[in-house]
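Structure first, then comments.
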Amino acid sequence: MIRDTIHDIIARAVAALREQDEVPNVELPAFDVERPQATAHGDYATNVAMKLAAAAKSAGQKVNPRALGETIAARMRETVALVPAYDLVESVEVAGPGFINIRLKSAWLLEQVGRVVAEGNSFGTITLGRGRRVNLEFVSANPTGPVTVANGRGAFIGDALGSAMRAAGFDVTQEYYFNDSGAQIEKLGRSLEYYLRLARGEADAQKPEEGYFGPYYETVAARMLEGDAGALLTLADDERAAEIGQAAAALIMSDIKETMAKLRIEFDVFFKQASLEPSGELAAAIEEMRAAGYTEERDGALWLTTTRFGDDKDRVIVRSSGEPTYFASDVAYMRNKFHRGFDRLILVLGPDHHGYIARLKAVARMLGHAADDLHVLLYQLVTVKGMRMGKRLGNVVTLDDLYDEVGPDVTRFFFLMRSSDTNLDFDLDLARKQTDENPGLSVQYAHARAAGVFRKAAEQGIAESDWAGADLGMLAGDPPEQRERELALVRQLLRLEEIVERVAVALEPHHLTRYGMDLADAFHLFYDTCPILKTGADVTREVRDARLRLLRAAQAGLARTLTLLGMSAPERMERAEPSEPAHAPA
RNA sequence: GUGCCCGUAGCUCAGUGGAUAGAGCGUUGGCCUGCGGAGCCAAAGGCCGGAGGUUCGAAUCCUCUCGGGCACGCCA
């Protein structure tokens, strides 16, 4: 990455200066290379002089950071002039309290366009992960109903994070854990038994006091009756609820998979909790904990002593009744993941799970791993503004509801606009708009606009082979206003690699949406300022060809960004018919 | 009571210890013979909840405090 090159130049210059005792002889502290907010400050800025001055001060040497900055900057200029690989730097200046601002050469920036076009679909790929294996678990909503916006937020976060981490060089497995056993399944069974009996016209059907109710479950019952679910109603009392629950859960699981597929949320593995017992892994995990001395018997139950590793209380894994708890399955499941050879586990969980982090990290330690091998990514609540009642569950809005309202692309963009650890207020009225006010669409529109120019070019008989080898240096001769917009577009494009890195390191996929908006903005500005095929515009053939090549790079960058977000990159935008308001006036 | 998240423009939110705190929407005012106006330009709008502290430098880190949300089972 470019920033790594800048970092090298700085480190090399400082090392050379230290050999000649021109800077304080202290260990070089960690320093930042960042993009300044103000473009007037150049492409990159570093605080190395201030950091080094601070380190010197604590070692008893007094140094003026500004003067140190001047010394380092001067040496950087020499380094850049000497090393051909560093030929991307235009200027090195000191500003403010000692910042060193680095500006890149326009010619070098323009050359990068060729690289972007050549990399195409793989542009934005970096080697950060070095093939390390990561298990990314998300959604994992119980198969007791449709996925709601509350637990569906993890779907978008997880899927986009997976894409970005793959681009960053990690080997990612995306996984869904179905809790398809236990008391909730029996509860589901009792609820469905009621709906099944209702559907068969049994007037004396008893509605359970607690359960899963709503229009959705009526349809599930109807679909079950298309099969042989009627036979389940004749089962004995002690197995009927569980059997009906299993049958319903299987059907709901297929619905959930369908929802995920519609929203382009991909999973490599659907793991069923119920499989842990027959496979023997549940018993093996409990035994492993016992053999390692991490369990204690108290009150007839078996406790896992998670307090040894920082949890605030121990946890039961086998009840006094002899039944393993849900937490026992968690232990077995985590053990299963580590046995599959993952270096790192990431769990994307909702806000109600924060109390689990300590115990899960304790389990990771008990399984012989570092607490940091397990990362829990918590996201906060979701509210939906603009839709009073969901269509399927009544009081709750589901992902299918949103899909029907605004489609997969806008849904994904809106869910990814916010940081995971802030509440998400889904503005459905804004999401429904098919105008430039809708930020998600404007990114797609930029891509479609680029595609439109290439269509127009084809109509005029201009083929890709005509401009594929165009001299991008031509653009350096453009009028300043146009050149600046072209360069601004290139700069935005080149940021993608840094964005991918940041998303993968900080586990913050929301940066991708913001970047998408920034890139689309830069694109629209370029498009408005720099005519390419416009009739009447005075554009030479050489400039036209160079701009087409830049346009192709922009299109590739936009497509890549959209792909990472799990959105489509349309060749043209088509206005859909306005959808009916969710609460139409009577 | 204990723990976690949040508090930044009218609204919804970005912001990696750095320079003049940004975006989208909304508001106001401009730009339509031309590659798709689903666009562009501009303006107004901020004691970054409050108080201390650390630092050359704090929206960011620490302590306290005030507001809002969530979680704390031999439930799953």
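In what follows, chains carry the letters A, B, and so on, assigned in the order in which the sequence lines appear, proteins first and then strands, with residues in each chain numbered from 1.
- Atom CD of A/E34 is separated from atom P of B/G18 by 6 Å (rounded to the nearest Å).
- Listed nucleotides B/G15, B/C35, B/A71 differ in distance to A/L533; the shortest reach to its side chain belongs to B/C35.
- With distances taken from any side-chain atom of A/D421 to the nucleotides B/G24, B/C5, B/A76, the minimum falls on B/C5.
- Taking the centre and axis of the six-membered ring of A/Y356, the NZ or CZ atom of A/R359 falls inside the cone set by 45° and 6.0 Å.
- Listed by chain and residue number, nothing satisfies the salt bridge (Lys or Arg N to Asp or Glu O under 4.0 Å) test with A/R544 (two or more places apart in sequence, or in another chain).
- Side-chain atoms of A/S320 and base atoms of B/C74 include a donor and an acceptor less than 3.5 Å apart.
- For A/S320 (side chain) and A/G300 (main-chain N/O), no donor-acceptor pair under 3.5 Å exists by modelled atom type.
- The ring of A/H447 has its center no closer than 6.0 angstrom to the ring center of A/F523.
- Listed nucleotides B/C11, B/G15, B/C74 differ in distance to A/H511; the shortest reach to its side chain belongs to B/G15.
- Among B/C72, B/A76, B/G24, the nucleotide with an atom closest to any side-chain atom of A/M517 is B/G24.
- Residue A/L381 is classed as a sugar-phosphate contact, given heavy-atom separations below 4.0 Å to backbone atoms only.
- When the C1' atom is compared between B/A9 and B/G15, the two are found 14 Å apart, to the nearest whole Å.
- B/C13 and B/C40 have their P atoms separated by 24 Å, with the value rounded to a whole Å.
- A donor N or O paired with an acceptor N or O is found under 3.5 Å between the base of B/A19 and the side-chain atoms of A/N101.
- With A/F309 as the aromatic partner, A/K361 does not meet the cation-pi criteria of under 6.0 angstrom to the ring centre and within 45 degrees of the ring axis.
- When the P atom of B/C11 is taken as reference, atom CG of A/N423 falls 16 Å away, rounded to whole Å.
- Distances from the side chain of A/R449 to the nucleotides B/G37, B/C75, B/A19 place B/G37 closest.
- Atom CG in A/D311 sits about 14 Å away from atom C1' in B/C4, given to the nearest Å.
- The residue A/I317 sits apart from the nucleic acid: no heavy atom pair falls under 4.0 Å.
- When the P atom is compared between B/A44 and B/G52, the two are found 31 Å apart, to the nearest whole Å.
- Closest to the A/W303 side chain, of the nucleotides B/C6, B/C35, B/C74, is B/C74.
- Pairs passing the side chain to side chain donor-acceptor pair (under 3.5 Å) check and including a residue from residues 46-63 of chain A, sequence neighbours excluded, read A/D32-A/N47.
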Between the protein and nucleotides 55-58 of chain B, which nitrogen or oxygen pairs come in under 3.5 angstrom?
unit_1	atom_1	unit_2	atom_2	d
B/C56	OP1	A/K57	NZ	2.7

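- With P as the reference atom, B/A14 and B/G49 are 14 Å apart, rounded to whole Å.
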Got a list of protein N/O to nucleotides 26-34 of chain B N/O distances below 3.5 Å?
unit_1	atom_1	unit_2	atom_2	d
B/G26	OP1	A/E437	OE1	2.9

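- The aromatic ring of A/H510 does not stack onto the base of B/A14, failing the criterion of a centre distance under 5.5 Å from the six-membered base ring together with planes under 30° apart.
- Closest contact between the side chain of A/R502 and the listed nucleotides B/C75, B/U16, B/C11 involves B/U16.
- Below the 3.5 angstrom threshold, one finds a donor paired with an acceptor across the side chain of A/Y356 and the base of B/C75.
- With sequence neighbours excluded, no residue forms a ring pair (Phe, Tyr, Trp, His ring centres under 6.0 Å) with A/H511.
- Residue A/H524 is in sugar-phosphate contact alone, with no base atom involved, counting any heavy-atom pair closer than 4.0 Å across all strands shown.
- As rounded to whole Å, 15 Å separates atom C1' of B/C35 from atom CZ of A/R552.
- Comparing B/G18 with B/C61, their C1' atoms sit 14 Å apart, to the nearest whole Å.
- Nucleic acid contact for A/D427: none, since no nucleic acid atom lies under 4.0 Å from a heavy atom of the residue.
- When the C1' atom is compared between B/C70 and B/U63, the two are found 24 Å apart, to the nearest whole Å.
- Across B/G68 and B/G29, the matching C1' atoms stand 37 Å from one another, rounded to whole Å.
- Listed by chain and number, the residues in a salt bridge (Lys or Arg N to Asp or Glu O under 4.0 Å) with A/R308 amount to none (sequence neighbours excluded).
- Residue A/E323 contributes atom CD, which lies 16 Å from atom P of B/C74 at whole-angstrom precision.
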